[in-house]
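One structure is given below, encoded as structure tokens.
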Amino acid sequence: MSRANALVPVPDARNEAERHPHAILDRASRAALARLTGGVSPHSIIAAWQDWALHLSRSPGRQLELAELFAANFAKLGAHGMGAALPEGADPPFEPRPYDHRFDHPSWEKPPFAFWKQGFLAAQDWWDAATSTMPGLRKQDADRARFQVRQALDLVAPSNFPWLNPEIIEETATRGGWNLVEGAAHFAEDLTRTLLQAKKPAPEGYRIGEDLACTPGEVVFRNKMFELIQYRPQTDDVHPEPILFVPAWIMKYYILDLSPENSMVRYLVREGFTVFMISWRNPGMEHADWSLEDYRKHGVMAALDAIGSIVPDAKVHANGYCLGGTLLAIAAATMARDGDDRLASVTLMAAQIDFAEAGELLLFVDESQVAFIEDFMWDQGYLDRPQMTRTFASIRAEDLIYSRATNRYFLGREDLATDLGVWNGDTTRMPARMHSEYLRGLFLENRLTAGRFAVEGRVIALKDISVPLFVVGTETDHIAPWRSVYKIRLFTDCDLTFVLTSGGHNGGILSEPGHPRRHYRIDRREPDSLYVDPDSWIASREEREGSWWPSMAEWLACRSGARRTPPAIPTLRGSGRKRLNAPGTYVLEP
């Protein structure tokens, strides 16, 4: 496609060179710096601290407040350390965050370890207050300062040092130091893999196509961007309307077809649905110019065309997850604008369409940071796996970085093999052009809900979507916060069912029937109803115990026709053999 038809404009190296003859030198210099900083813009960091420091310097009241808090925390810490003024069984003055498991070992409640733990938490409490918002201070800069302090404090937490961590001391004494030897071996292995950019092979029992992504099916269509999998029916008859899954391409598709017991694909096939799955290709440098429009046109629309040839005259239930859901919303709005009525319904799972409250990922998005990443990608053609992995891990560094490092390098423990863990490590690359359009057009400029997002030269509007919507948010999602997902109610007028389920971005979606300790809330909004804010909504909706999957299957069945004979599965043209079984070939590409 031509650049004139792109969804959002991105910097063009050729145009830049015409305006500024030495621009390539600048980009190369910034790209080299980006490699040293892991893609983090130093200017964004400096600007955030400068904004914070200048506003704090002219706020004597806030300075006095912080001085009083320091004295109060110091007094609490001293009283706790000496055991004074604390009645028997009293709670310690500071508690870790709910997701912080670094201090779970019982010995952290005994001296002197309890004092070190409380000292760290006291410092954390003070800095949280110091980096809170002030009049005139940009909220994003306050949040960035708090995030950076949190990263620095996590680096020097007492749990990271063998001589300060009671669990490491006990394990070393019990095993005669053998845990440190095993930990050194783990460190050498991880360092080697990092330097060589080599993926860790899946452990026994977690092989792709054998243990994971193993629902029977065939690849029925393939182009340069994706393979389309059609799953074999497991019932004598099926609903006439097939389901098309549009997963995110930041990870592999099989989060939706993980192990047999928690596969959403397998569940829906057994409920009598014909299921199709897009399996995206892992792009390389030669695919640097793939755009967001390419993913819509040669991805979602091409899949709908292929399904139409297999199941003629049947509308499609489309389901988008995460970034795939954002793309599906764009495609659905475009289809509505153009009078394309092939969709029966749209399901969006942990997918955002408005990015004003997009959670902690906004900490990494401003003009300087996006330009820095663009130079980084310009140099290599894509955003690579380690760069994305570090970003997501740093948001929950306590658990995803430091707890893992302590367990692996000091306690000598192997990572616990899980299906979700294997999938989480099977990351992909992001094409430079697409990722730039995504960051600029959606995260930075929020064009989709601002009426400034154009497809094929014309602006689209989400309110044009008239098919029923089924939208899922997850309670503890830090990638797509549920209140951000909920905002789709502001920008659509159609029949909408909203589900809020327990769990996080991935765990909340993997909520199969029988999963312990699961609950959800569900509510339907009639077309053209008045808006209800998220806090009022959650307060008025009762929790239901169990999985939300049966509610989704029932919702789909109510919007489907009478069951009939399953459609045939065609042979993939040009495959060179009779059948190409699921999971296909693209998912296996490194």
Side-chain angles (χ1 to χ4, degrees), residues 36-38 40 42 44-46 48-50 52-53 56 66-67 69-78 80-81 92-132 141-172 179-180 183-184 186-187 190-191 194 360 363-364 386 389-413 478:
L36 296 177
T37 65
V40 177
S44 292
I45 295 174
I46 295 169
W49 280 108
Q50 185 180 48
W52 173 82
L56 182 61
L66 292 176
L69 179 61
F70 179 86
N73 283 3
F74 189 81
K76 291 177 184 178
L77 187 61
H80 180 72
F94 305 101
E95 292 289 346
R97 295 182 176 93
Y99 50 81
D100 187 353
H101 301 290
R102 290 173 293 181
F103 305 104
D104 285 353
H105 194 272
S107 294
W108 280 111
E109 305 307 321
K110 302 175 184 177
F113 309 111
F115 184 75
W116 298 335
K117 167 188 170 182
Q118 289 298 311
F120 170 78
L121 295 177
Q124 194 176 67
D125 178 75
W126 188 87
W127 273 106
D128 280 348
T131 52
S132 60
D141 285 340
D143 291 341
R144 282 183 173 174
R146 181 181 298 110
F147 177 78
Q148 290 162 23
V149 166
R150 195 174 79 196
Q151 300 296 307
L153 287 174
D154 287 342
L155 184 63
V156 297
S159 55
N160 296 340
F161 301 94
W163 53 90
L164 299 179
N165 189 323
E167 187 175 9
I168 299 174
I169 294 172
E170 291 177 16
E171 188 76 6
T172 303
N179 56 303
L180 299 178
H186 293 160
F187 179 78
D190 290 349
L191 180 62
T194 300
E360 292 185 295
L363 295 171
F364 303 93
T389 302
R390 283 194 297 266
T391 298
F392 288 119
S394 64
I395 294 175
R396 288 289 182 269
E398 304 95 327
D399 197 34
L400 299 180
I401 296 178
Y402 295 107
S403 290
R404 178 185 180 272
T406 298
N407 280 316
R408 188 160 171 79
Y409 304 143
F410 294 132
L411 297 176
R413 298 170 184 167
H478 63 284

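Only a predicted model underlies this, so the values are computations on that prediction, with no experimental measurement involved. The first residue in the sequence is number 1, and the count goes up from there.
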* Asked: What closest approach, in Å, do Glu95 and Leu121 show between heavy atoms, and which atom pair accounts for it?
  -> C-CD1, 3.9 Å
* Asked: So, does Trp126 use its side chain to make a donor-acceptor pair with the main chain of Leu66 at under 3.5 Å?
  -> yes
* Structure fact -> Rounded to the nearest 0.5 Å, the CG atom of Asp128 sits from the CG atom of Leu153 at a distance of 8.5 Å
* Pairwise side-chain contact, Thr406 with Glu167, heavy-atom cut-off 4.5 Å (strictly under) -> no
* To do: Mind checking the CG-CD1 spacing from Asp141 to Ile45? Nearest 0.5 Å is all I need.
  => 12.0 Å
* Kindly say whether Thr131 contributes a backbone atom to a donor-acceptor pair with the side chain of Arg146 at under 3.5 angstrom? => yes
* To do: Begin with the C-alpha distance, continue with both residues' side-chain angles, and end with the deciding distance and a verdict on salt bridge (Lys or Arg N to Asp or Glu O under 4.0 Å) for Asp125 and Lys76.
  => CA-CA 12 Å; Asp125 178 75; Lys76 291 177 184 178; over 6 Å; no
* Structure fact -> Between Leu164 and Trp108 the two heavy atoms that sit nearest each other are O-CH2, 3.5 Å
* Spacing of Arg102 atom CZ and Arg97 atom CZ [to the nearest 0.5 Å] -> 8.5 Å
* Please name all residues satisfying side chain to side chain contact (heavy atoms under 4.5 Å, CB included) with Pro162, sequence neighbours left out, ordered by chain then number. => Ile168, Phe410
* **Aromatic plane relationship, Trp52 with Trp49 - under 30° parallel, 30 to 60° tilted, over 60° perpendicular** => perpendicular
* To do: List the atom of Asn179, the atom of Glu171, and the distance in Å for their closest heavy-atom pair.
  => OD1-O, 3.7 Å
* **side chain to side chain contact (heavy atoms under 4.5 Å, CB included) partners for Glu170, two or more places apart** => His105, Ser107
* Taking all atoms of both residues into account, what is the closest heavy-atom pair of Asn73 and Ala122, and its distance? -> ND2-O, 3.4 Å
* Keeping the roles fixed (side chain from Asn160, backbone from Leu155), state whether a donor-acceptor pair exists under 3.5 Å. => yes
* Asked: Do the ring planes of Tyr409 and Phe187 sit parallel (below 30°), tilted (30 to 60°) or perpendicular (above 60°)?
  -> perpendicular
* Asked: Can any side-chain N or O of Asn165 pair as donor or acceptor with the backbone N or O of Phe161 at less than 3.5 Å?
  -> no
Run the side-chain donor-acceptor check on residues 112-119: report pairs under 3.5 Å with partners two or more places apart or on a different chain.
from, atom 1, to, atom 2, distance (Å)
Lys117, NZ, Glu109, OE2, 2.7
Gln118, OE1, Phe94, N, 3.0
Gln118, NE2, Phe94, O, 3.0

